[in-house]
Amino acid sequence: MSPDVVEFLAPVLALLGLGSFVLIGMKLRYNHLRDTKHAPRSEEVERLAESVDLLHDQVRVLRDEMVDLSERLDFTERVLTRGRADDDAQGALPEPPAS
């Protein structure tokens, strides 16, 4: 080969080699990201399952507290209603003396 051809082909071949290296690297990186993105790790799954269980327990506790508060409210309403009924049965309360 003539030296002119070698001088021309050397940078072209270097550029093609570098471009191929970059494309292969990008493809490997893309495959790695795709695989790690779609395949959750078992640690993450376990941690999420524990979080869900904890949330279920908290909802159970809140539901029990809500039932307790509802029963207390019902009791208080019955007591107040009974007190009003007793006042109505006894008649009107006397008015306070005028000063």
Is L62 isolated, or which residues cluster with it under the ILVMFWY side-chain rule of less than 4.5 Å, directly or via members? none
In the hydrophobic clustering (ILVMFWY, side-chain contacts below 4.5 Å, transitive), which residues join L48, or is it alone? none
Pair up each side-chain donor or acceptor in residues 50-58 with any protein partner under 3.5 Å, not counting sequence neighbours, and list the distances.
from, atom 1, to, atom 2, distance (Å)
S51, OG, R47, O, 3.1
D57, OD1, R60, NH1, 2.7

Please tabulate, for side-chain N and O atoms in residues 69-81, each donor-acceptor pair with protein atoms closer than 3.5 Å (sequence neighbours left out).
from, atom 1, to, atom 2, distance (Å)
R72, NE, D68, OD2, 3.4
T76, OG1, R72, O, 2.9
T81, OG1, E77, O, 2.7

Cut-off 3.5 Å, no hydrogens considered: what does the side-chain donor-acceptor table look like for residues 17-31, sequence neighbours left out?
from, atom 1, to, atom 2, distance (Å)
S20, OG, L16, O, 2.8

